[in-house]
Engineer: 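I'd like to ask some things about the structure below.
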Amino acid sequence: QVQLVESGGGLVQAGGSLRLSCAASGNIFSINDMAWYRQALGKQRELVAGITIGGSTNYADSVKGRFTISRDNAKNSVYLQMNSLKPEDTAVYYCNANILGLLDSRWRDSWGQGTQVTVSS
């Protein structure tokens, strides 16, 4: 019984910035890796950025130098700062986390409901 909720999406002009937030709640014992994925219309879901509990990060080549992923373990949250946005960044962005459930002691791959990011040209 865990939940991931994203926020911060919206409509922005090319070159603008957005900051996405994702907070995990529920029967959580621990959270390991966290990540942001996105899915554009007609395309496969792709990994945008990931971060380990130790702070190691990785990014898709298409967003390197523009996006920054970070996390706050005390708040069970992960963030994605998106700068220099391009129309190609338009997609639904999903929060992903590997969560250890408090009740069943099982690691599960959890997903948020998604937040829409639209970048106009």
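Basis for what follows: all heavy atoms, side chains included, without hydrogens, waters or symmetry-related copies.
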Engineer: Please walk me through it: do Val48 and Leu80 pass side chain to side chain contact (heavy atoms under 4.5 Å, CB included)?
Structural biologist: CA-CA 9 Å; Val48 178; Leu80 186 68; 4.2 Å; yes

Engineer: Ignoring hydrogens and geometry beyond distance, is a side-chain donor-acceptor pair present between Asn96 and Asp109 at under 3.5 Å?
Structural biologist: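 Distance-only check passes for Asn96 and Asp109.
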
Engineer: Checking side chain to side chain contact (heavy atoms under 4.5 Å, CB included) for the pair Leu18/Val117: CA distance, chi angles, key distance, verdict?
Structural biologist: CA-CA 9 Å; Leu18 285 173; Val117 171; 3.9 Å; yes

Engineer: Is there a path of hydrophobic side-chain contacts, each under 4.5 Å between heavy atoms, that joins Leu4 and Ile28?
Structural biologist: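 Cluster IDs for Leu4 and Ile28 match.
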
Engineer: Can you confirm whether the side chains of Gln113 and Glu6 place a donor and an acceptor under 3.5 Å from each other?
Structural biologist: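 Glu6 and Gln113 do have a side-chain donor-acceptor pair below 3.5 Å.
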
Engineer: State whether the side chain of Thr118 and the backbone N or O of Leu11 hold a donor-acceptor pair below 3.5 Å, judged by distance alone.
Structural biologist: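 Answer holds: no.
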
Engineer: Could you pull out all residues at least two apart from Tyr37 that satisfy ring-ring contact (aromatic ring centres under 6.0 Å, His included)?
Structural biologist: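 With sequence neighbours excluded, Tyr37 shows a ring-ring contact (aromatic ring centres under 6.0 Å, His included) to Trp111, given in chain and number order.
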
Engineer: Hey, mind stepping through Ser21 and Lys75 against side chain to side chain contact (heavy atoms under 4.5 Å, CB included) and telling me if it holds?
Structural biologist: CA-CA 11 Å; Ser21 298; Lys75 296 182 178 179; over 6 Å; no

Engineer: Under the rule for side-chain hydrogen bond (donor to acceptor under 3.5 Å, both in side chains), what residues qualify as partners of Asn83, not counting sequence neighbours?
Structural biologist: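 Result, side-chain hydrogen bond (donor to acceptor under 3.5 Å, both in side chains) vs Asn83: Ser17, Gln81.
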
Engineer: Apply side chain to side chain contact (heavy atoms under 4.5 Å, CB included) to the pair Thr115 and Val92, showing each step before the final yes or no.
Structural biologist: CA-CA 5 Å; Thr115 185; Val92 177; over 6 Å; no

Engineer: Which pairs pass salt bridge (Lys or Arg N to Asp or Glu O under 4.0 Å) with one or both residues in residues 87-97, sequence neighbours excluded?
Structural biologist: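 Qualifying pairs: Arg38-Asp89, Arg66-Asp89.
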
Engineer: Should Met34 and Tyr94 be counted in the same cluster of Ile, Leu, Val, Met, Phe, Trp and Tyr side chains packed under 4.5 Å apart?
Structural biologist: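 No: no chain of side-chain contacts under 4.5 Å links Met34 to Tyr94.
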
Engineer: Please check if the side chain of Tyr59 supplies one atom and the backbone of Ile69 the other of a donor-acceptor pair under 3.5 Å.
Structural biologist: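 A pair under 3.5 Å: yes.
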
Engineer: Check whether any side-chain heavy atom of Gln116 sits under 4.5 Å from a side-chain heavy atom of Thr90, and report yes or no.
Structural biologist: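 They are in contact (side-chain heavy atoms under 4.5 Å apart), so the answer is yes.
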
Engineer: Report yes or no: does Ser56 contribute a side-chain atom to a donor-acceptor pair with the main-chain N or O of Gly54 at less than 3.5 Å?
Structural biologist: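 No; zero donor-acceptor contacts below 3.5 Å.
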
Engineer: Taking the six-membered ring of Tyr79, is the NZ or CZ of Arg71 close enough (under 6.0 Å from the centre) and on axis enough (within 45°)?
Structural biologist: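 No, Arg71 and Tyr79 do not form such a contact.
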
Engineer: With clusters defined by side-chain heavy atoms of hydrophobic residues (ILVMFWY) lying less than 4.5 Å apart, directly or transitively, does Val119 cluster with Leu20?
Structural biologist: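 Leu20 and Val119: one cluster.
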
